[in-house]
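Working notes, structure below.
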Amino acid sequence: MTKVQIYTIQSVNEALGLVELGVDHLGITPANRGLPGEININTARSICEAVEGELVTVALSVESNQNKILSMVKEVRPQILHLCGPKGSITPEFIIDLRAKLYKNNLDIEIMQAISIVGPESIDVARSYSEIVEYLILDTQSEDVYGIGASGVTHDWSISKKIVEAIDIPVILAGGLSPENVSEAIAHVIPWGVDSLTHTNEPIEGGGFRKDLDKVKNFVSASRQA
């Protein structure tokens with residue numbers, strides 16, 4: 001059964017709503033960079049504590065400073081660290097070094113590396129990370145958001161499919177997925193999991209967004225049926 005990951009959660013109430021809907025991975029963005037749906041460290045920690053044992057918590061970082069990443073992980077304590085710094089900023093060597101520091105600080109955490117799908121060359125990029133992280137997330141580079149992801153648009157699924165076929169670790173497909181197209185995406189790519197941010201949001205007057213739980217419910221349902 002395809003796993004479902006939902007970003008970006010901004011409150012404990014939203015998080016508990018996702019538990020009720022059967023979401024597998026809950027994504028949060030502890031940051032101070034003007035990223036979509038970013039939250040402070042205390043809120044992020046409260047969310048992780050509130051859903052402990054109910055689903056898997058994933059915390060995103062666009063940083064390429066290891067000390068900043070370590071500090072966030074220490075305070076938030078997610079189960080998965082999602083690295084999505086700008087293309088080229090997080091090398092395999094960077095992750096090997098970071099993992100050693102995580103272990104040294106008694107932080108037993110899995111790592112998810114974002115791959116920007118831009119063309120066939122992305123297949124070799126994905127392979128280069130496949131033996132040093134636990135997950136890959138295939139996403140679409142945004143022109144307006146720092147880091148890889150949060151674009152709200154799809155990419156070439158045929159490349160994503162080749163990546164899924166080429167590596168042995170779980171691959172999550174992201175980038176523009178919605179309740180309307182996720183079944184087609186799963187049928188085409190056959191990923192381990194799917195991710196939604198933009199198309200399960202409800203805009204808030206004055207800017208920002210909250211999660212639209214009806215859209216999340218439909219996304220989960222379409223993913224399960226696929």
Side-chain angles (χ1 to χ4, degrees), residues 2-8 25 27 29 31 33-36 58-66 68-69 80-102 109-178 181-199 223 226:
T2 308
K3 301 291 186 181
V4 174
Q5 176 170 288
I6 299 294
Y7 267 99
T8 288
H25 285 193
T29 304
R33 278 185 167 272
L35 301 175
V58 186
L60 175 155
S61 176
V62 299
E63 301 296 340
S64 53
N65 179 301
Q66 293 189 1
K68 290 183 178 181
I69 296 171
I80 299 175
L81 169 63
H82 174 180
L83 297 173
C84 58
K87 183 181 174 185
S89 66
I90 307 296
T91 64
E93 293 75 19
F94 178 99
I95 293 175
I96 291 169
D97 187 41
L98 174 63
R99 194 184 290 277
K101 291 178 180 176
L102 288 164
I109 186 170
E110 295 183 311
I111 295 177
M112 175 187 297
Q113 175 61 38
I115 305 295
S116 176
I117 304 300
V118 293
E121 64 270 24
S122 300
I123 301 170
D124 287 335
V125 173
R127 283 198 183 103
S128 72
Y129 292 95
S130 64
E131 295 186 2
I132 60 171
V133 299
E134 284 75 24
Y135 306 87
L136 294 181
I137 180 166
L138 312 183
D139 218 330
T140 309
Q141 188 84 41
S142 171
E143 295 181 1
D144 304 317
V145 179
Y146 188 80
I148 298 171
S151 66
V153 299
T154 58
H155 53 255
D156 187 343
W157 290 340
S158 67
I159 296 172
S160 294
K161 178 178 176 61
K162 290 177 181 177
I163 291 173
V164 169
E165 293 171 344
I167 66 174
D168 295 326
I169 63 172
V171 175
I172 296 176
L173 179 66
L177 298 186
S178 69
N181 69 7
V182 69
S183 292
E184 179 187 358
I186 291 171
H188 192 96
V189 178
I190 317 179
W192 179 85
V194 288
D195 171 278
S196 175
L197 193 169
T198 306
H199 297 292
S223 300

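FYI, side chains are in, hydrogens and waters are out, and symmetry mates aren't considered; it's all heavy atoms of this structure. All values derive from a computational prediction rather than experimental measurement. For the single chain, residues carry numbers from 1 onward in sequence order.
Between E134 and R99 there is a salt bridge, since a side-chain N of the basic residue sits under 4.0 Å from a carboxylate O of the acidic one.
A perpendicular orientation is assigned to the rings of Y135 and H25, their planes being inclined by more than 60° (bins at 30° and 60°).
With a 4.5 Å cut-off on side-chain heavy atoms, Q66 and D97 count as touching. You'll find the side chain of V4 stays beyond 4.5 Å of the side chain of V182, heavy atoms only. Side-chain contact check for F94 versus I69: some heavy-atom pair is nearer than 4.5 Å. In this structure, Y7 and T29 have side chains that are in contact, with non-hydrogen atoms separated by less than 4.5 Å.
Within a 6.0 Å sphere centred on NZ of K161, heavy atoms belonging to other residues, nucleotides or ligands number more than 12. Crowding of K68 atom NZ: a count of heavy atoms from other residues, nucleotides or ligands under 6.0 Å not exceeding 12.
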Task: side chain to side chain contact (heavy atoms under 4.5 Å, CB included) between I172 and V194, worked out - done: CA-CA 5 Å; I172 296 176; V194 288; 5.6 Å; no

- [ ] Go through S61 and L81 one step at a time and tell me if the side chain to side chain contact (heavy atoms under 4.5 Å, CB included) criterion holds.
- [x] CA-CA 7 Å; S61 176; L81 169 63; 4.3 Å; yes

Open item on the list: Let's go through I169 and Y129 carefully: what are the C-alpha distance in whole Å and the side-chain angles of both, what is the deciding distance for side chain to side chain contact (heavy atoms under 4.5 Å, CB included) to 0.1 Å, and is it a yes or a no?
Closed with: CA-CA 10 Å; I169 63 172; Y129 292 95; over 6 Å; no

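A distance of 8.5 Å separates CG in L83 from CG in L60, rounded to the nearest 0.5 Å. Note that the OG1 atom of T140 and the CD1 atom of I115 stand 12.5 Å from one another [nearest 0.5 Å]. Rounding to the nearest 0.5 angstrom, the gap separating the CG atom in L173 from the CH2 atom in W157 is 7.0 Å.
Closest of all the heavy-atom pairs between L177 and H199 is O-CB, 3.4 Å. The two atoms that bring G193 and T2 nearest to each other are CA-CG2, 3.8 Å, heavy atoms only. In terms of heavy-atom proximity, G176 sits nearest to N181 at O-ND2, 3.1 Å. Residue Q113 comes nearest to I95 through the heavy atom pair OE1-CD1, 3.4 Å, listed as atom of the first residue, atom of the second, then distance.
The one candidate from I90, V133, I132 that meets the side chain to side chain contact (heavy atoms under 4.5 Å, CB included) condition with I111 is V133.
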Review item, side-chain donor-acceptor pairs of residues 183-190, under 3.5 Å, at least two apart:
unit_1, atom_1, unit_2, atom_2, d
S183, OG, A222, O, 3.0

N/O donor-acceptor pairs under 3.5 Å from side chains in residues 116-126, not counting sequence neighbours:
unit_1, atom_1, unit_2, atom_2, d
S116, OG, Q141, OE1, 3.3
S122, OG, S116, O, 3.1
S122, OG, V118, N, 3.0
S122, OG, G119, O, 3.1
D124, OD1, R127, NH1, 2.9

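Side-chain polar atoms of H155 and S160 form a donor-acceptor pair below 3.5 angstrom.
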